Student: 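I'd like to ask some things about the structure below.
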Amino acid sequence: KTFPSSTGRLCAASASASTLSAASSMMMMMMMMMMMIVPSSYAYGASSSTTTPAWSELERRLPNSLVAGPAVYYHCGGIGDGDDALPLPDESTLADGRTILYRDRNGWCPRCEQAWLALEAKGIEYVTILVDAERRNSDDEDDNGGNGNGGNDSYYDRPGSTLPRVRWPDGTVHVGSDDMLPFLEKCEETMPGCPPGDYFPDVSISVDIVRTSIERRFDGVMPRYTLPSSTAPYVYRADGDARKEGDGDGGDGDGIVQKFKYQVTLEEIEEILEEYDDGPFVAGDTVTAADVFYAPYLERFAALLPVLREGVNPRSAQYGAIRDWYDAMDARLPCYSCRVKGRGETWRNLLRMRHPDLDIAAKNDENDDDAGMLPPIVDLPERRSFKPRDVWSKYAEGKPYLASTPGAEVASRIVRDRDALIRAASAACSASLSEEDGTADAALRELCAVLAMAADDGGDGDDGIDDDADARMMAAASRLSGDAREVAAFLDGGGFWEVPRDIGLIPARALRAIANAAPKPRIA
């Protein structure tokens, strides 16, 4: 690749300026000044292997990238007493007096998300052990159902009682969804009254609204008689005959929960959220254990219901209380939108991948006149009052391993994961990116340098980007080399990181802002 450097272009411009009119000269000078704002390493289509900052310089700009975060370990096997189970690690050695959370390594399990969110929200220090849940746990019951299409045989689609597993420093152990309420009570006992507030407040002297919402109301409002599945929760009907012929109850013989049942579910949740008019949450103005319990399922409903049943959208104006609850969870519980919450496209892609019988892709076939486009995904509040960077700042406070802004956090992750990222990008991207000749390394450093601009102090942009650094960063992003643009698209598209498995939703949104700002046609 050969491209004139910025300096070469500036010299050529200066040489010809004397022949222009005064007005033209002024315009040329303005253009030169704009070009000087952006380093030559970000020139549109240019290769930057010799001019982008070295990794040592990026580490200097991003000191948090050198600070170790909470410990994470992997357990490659089932948990239980069966053939696929491996001995549990030495918990006393790993924990060092902290709580241990076992959850699925992909971040797909809604029950694991409940436990993860509960610990994060209370600020309880914990060690994570990620379990390979693709291997079916030995103590799953055969009559637990399946995934609806009989395709997969793993924990996700035949959920048992082994995850999540939480071991407390005092030796108390909570296992599975049946232990969720005692686990949430233990969280409150461990950190009583700590933000976001009391998990079990005394809202009414006659009704324990939080425990009632978890123990009785949740099962009562969710669609009944459905097949248990972590990848398709409350999607498939347990009545197998409904898949063979029309069900006569608003379905079309596809075996999915009927539209009217989803509508009833949303109407009843709407009524629950309207009972206390002093706030948007289940028990009023503060997040409680009930909100933590409901969150993973309502999160998936927002992405999946508009796809499964036309006209059913929990985030629509028709369900104002539910929409307000979504917005409040994202804005007022920073750990949720910054780390634990999944992306809507993650849940749609997962449903498409694990349940091909639903034929979701056909609904988005632009070449099919009869196919409807998939409804747009709304992951975060669309109100202008929602400031992603402010939410991130609250989450990052007191955590030296996190960057000051969402964009800088992505840059820090690149610095930490650079060796694996170089290998992955070399394998997945075009032939121009190579591990051997350093082009993949250079492209990552170039992208990282742009994202690191977000570490500057300033206000808040709509995409979680610092306002003061926004002009420089967007200008630099628009001039990323073809290699760096390809790497940005690779990372944004889930080629290496996925939300929430590897990175939080708000940092991922900052990465997407950069990827979208870069020109789409690749210039080699």
Side-chain angles (χ1 to χ4, degrees), residues 103-104 106-118 120-121 145 147-148 155-157 159 163-164 176-181 183-184 210 212-238 256-257 261-273 280-283 287-309 312-315 319 321-330 333 336-337 340-344 346-348 350-351 354-355 377-379 499-500 505:
R103 61 180 177 88
D104 69 301
N106 287 315
W108 293 345
C109 173
R111 295 173 302 283
C112 292
E113 184 178 337
Q114 289 172 333
W116 186 14
L117 179 58
E120 281 278 343
N147 65 353
Y155 170 85
Y156 291 120
D157 297 301
L163 288 178
S177 55
D178 292 341
D179 233 4
M180 189 54 63
L181 180 57
F183 161 72
L184 292 168
V210 176
T212 298
S213 296
I214 294 173
E215 288 184 303
R216 298 204 305 268
R217 296 176 111 183
F218 181 81
D219 288 338
V221 302
M222 289 295 179
R224 298 184 182 183
Y225 311 113
T226 59
L227 295 176
S229 171
S230 295
T231 57
Y234 299 102
V235 170
Y236 287 104
R237 298 175 58 186
I256 301 174
V257 171
K261 288 190 176 181
Y262 282 135
Q263 291 172 323
V264 170
T265 291
L266 295 179
E267 289 168 1
E268 292 183 348
I269 294 174
E270 182 88 354
E271 291 178 3
I272 290 174
L273 294 173
F281 302 109
V282 171
V287 174
T288 67
D291 300 289
V292 171
F293 192 89
Y294 279 60
Y297 296 97
L298 292 185
E299 173 188 320
R300 286 155 178 78
F301 274 6
L304 300 182
L305 295 196
V307 173
L308 297 171
R309 294 302 183 201
V312 181
N313 185 357
R315 275 192 177 269
Y319 305 106
I322 296 177
R323 183 180 60 184
D324 291 344
W325 180 89
Y326 282 126
D327 290 354
M329 287 290 288
D330 289 330
L333 194 60
Y336 182 53
S337 52
V340 179
K341 183 180 181 179
R343 211 176 213 167
T346 299
W347 307 134
R348 288 189 183 179
L350 179 62
L351 197 67
R354 305 285 295 202
H355 306 277
I377 296 174
V378 179
D379 281 324
V499 180
L505 179 58

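All values below were derived from every heavy atom in this structure, side-chain atoms included, with hydrogens, water molecules and symmetry-related copies excluded. All of these numbers come straight from a predicted model, not from anything done at the bench.
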Student: List in chain and number order the residues that pass salt bridge (charged side-chain N to carboxylate O under 4.0 Å, His left out) with Glu113, two or more places apart in sequence or in another chain; answer none if no residue qualifies.
Tutor: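 Testing Glu113 for salt bridge (charged side-chain N to carboxylate O under 4.0 Å, His left out), a comparison that skips the adjacent residues, returns Arg300.
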
Student: Any salt bridge (Lys or Arg N to Asp or Glu O under 4.0 Å) pairs touching residues 321-330, not counting sequence neighbours?
Tutor: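 Counting only pairs at least two positions apart or across chains, the salt bridge (Lys or Arg N to Asp or Glu O under 4.0 Å) contacts touching residues 321-330 are Arg315-Asp327, Arg315-Asp330, Asp324-Arg383, Asp327-Arg383, Asp330-Lys341.
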
Student: Tell me every residue that passes side-chain hydrogen bond (donor to acceptor under 3.5 Å, both in side chains) with Trp108, counting only those two or more places apart in sequence or in another chain.
Tutor: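 Expected list: none.
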
Student: Under a 4.5 Å cut-off applied to non-hydrogen side-chain atoms, are Val257 and Thr265 in contact?
Tutor: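 Of all side-chain heavy-atom pairs linking Thr265 with Val257, none is under 4.5 Å.
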
Student: Would you list the atom pairs, donor with acceptor, under 3.5 Å between side chains in residues 212-220 and any protein atom, with sequence neighbours excluded?
Tutor:
| unit_1 | atom_1 | unit_2 | atom_2 | d |
| --- | --- | --- | --- | --- |
| Thr212 | OG1 | Asp208 | O | 2.8 |
| Ser213 | OG | Ile209 | O | 2.6 |
| Arg217 | NH1 | Glu275 | OE1 | 3.3 |
| Arg217 | NH2 | Glu275 | OE1 | 3.3 |
| Arg217 | NH2 | Glu275 | OE2 | 2.2 |

Student: How far does OH of Tyr319 sit from CD1 of Ile269, to the nearest 0.5 angstrom?
Tutor: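 So the OH of Tyr319 and the CD1 of Ile269 are separated by 10.0 Å.
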
Student: Evaluate Tyr336 against Glu299 for side chain to side chain donor-acceptor pair (under 3.5 Å), listing each step before the verdict.
Tutor: CA-CA 11 Å; Tyr336 182 53; Glu299 173 188 320; 2.8 Å; yes

Student: How far apart are the C-alpha atoms of Val499 and Asp379, what are their side-chain angles, what is the distance that settles it, and do they pass the side chain to side chain contact (heavy atoms under 4.5 Å, CB included) test?
Tutor: CA-CA 11 Å; Val499 180; Asp379 281 324; over 6 Å; no

Student: Would you give the length of the straight line joining atom CZ of Arg111 to atom CZ of Phe183, rounded to the nearest 0.5 angstrom?
Tutor: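 Here the rounded value is 14.0 Å.
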
Student: Mind checking the CG-CG spacing from Asn106 to Leu350? Nearest 0.5 Å is all I need.
Tutor: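 Here the rounded value is 8.5 Å.
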
Student: Looking at every heavy atom in both Pro314 and Tyr326, which two are closest together, and how far apart are they?
Tutor: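 Reported closest heavy-atom pair: CB-OH, 3.5 Å.
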
Student: Which residues satisfy the side chain to side chain contact (heavy atoms under 4.5 Å, CB included) test with Ala303, sequence neighbours excluded?
Tutor: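 Side chain to side chain contact (heavy atoms under 4.5 Å, CB included) list for Ala303, sorted by chain: Trp347, Arg348.
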
Student: Considering non-hydrogen atoms only, spot the tightest contact between Leu304 and Leu351 and give its length.
Tutor: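 Leu304 and Leu351 have their closest heavy atoms at CD2-CD2, 3.8 Å.
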
Student: I'd like to check the side-chain hydrogen bond (donor to acceptor under 3.5 Å, both in side chains) partners of Asp291; sequence neighbours left out, ordered by chain and number.
Tutor: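 Per chain and number, Asp291 pairs via side-chain hydrogen bond (donor to acceptor under 3.5 Å, both in side chains) with Thr288, Trp325.
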
Student: Mind checking the OG1-OH spacing from Thr226 to Tyr236? Nearest 0.5 Å is all I need.
Tutor: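 It is 12.0 Å, given to the nearest 0.5 Å.
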
Student: Which heavy atom in Asp104 sits nearest to a heavy atom in Gly107, and how many Å separate them?
Tutor: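 Minimum heavy-atom separation between Asp104 and Gly107: OD2-N, 3.0 Å.
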
Student: Is there a side chain to side chain contact (heavy atoms under 4.5 Å, CB included) between Val282 and Ile272 once you walk through the steps?
Tutor: CA-CA 7 Å; Val282 171; Ile272 290 174; 4.2 Å; yes

Student: Just verifying a value: how many Å separate Ser229 OG and His355 NE2, rounded to the nearest 0.5 Å?
Tutor: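 If we round to the nearest 0.5 Å, Ser229:OG and His355:NE2 are 4.0 Å apart.
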
Student: For residues Ile322 and Leu266, report the shortest heavy-atom separation together with the two atoms involved.
Tutor: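 Looks like CD1-O, 3.4 Å.
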
Student: Do you know which two heavy atoms are closest between Phe281 and Ala328, and how far apart they sit?
Tutor: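 What the structure gives for the nearest pair is CZ-CB, 3.6 Å.
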
Student: After noting the C-alpha distance and the side-chain angles of Val235 and Tyr262, does the key distance pass the side chain to side chain contact (heavy atoms under 4.5 Å, CB included) rule?
Tutor: CA-CA 10 Å; Val235 170; Tyr262 282 135; 4.2 Å; yes

Student: Can you sort out the partners of Tyr234 under side-chain hydrogen bond (donor to acceptor under 3.5 Å, both in side chains), two or more places apart, ordered by chain and number?
Tutor: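 Applying side-chain hydrogen bond (donor to acceptor under 3.5 Å, both in side chains) to Tyr234 gives none.
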
Student: Going through the checks in order, is the side chain to side chain contact (heavy atoms under 4.5 Å, CB included) test met by Ile256 and Arg237?
Tutor: CA-CA 6 Å; Ile256 301 174; Arg237 298 175 58 186; 5.9 Å; no

Student: Listed by chain and number, what are the side chain to side chain contact (heavy atoms under 4.5 Å, CB included) partners of Glu268, not counting sequence neighbours?
Tutor: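 If we apply the side chain to side chain contact (heavy atoms under 4.5 Å, CB included) test to Glu268, skipping adjacent residues, the hits are Val221, Val264.
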
Student: What is the distance from atom CZ of Arg343 to atom CG of Leu505, rounded to the nearest 0.5 Å?
Tutor: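 Arg343 atom CZ to Leu505 atom CG measures 6.5 Å (nearest 0.5 Å).
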
Student: Looking only at heavy atoms, what is the nearest atom pair of Leu163 and Cys112, with distance?
Tutor: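 Taking every non-hydrogen atom into account, CB-SG, 3.8 Å.
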
Student: Measure the shortest side-chain to side-chain distance between Phe293 and Val210 over non-hydrogen atoms and say whether it is less than 4.5 angstrom.
Tutor: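 Counting from C-beta outward, Phe293 and Val210 never come under 4.5 Å.
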
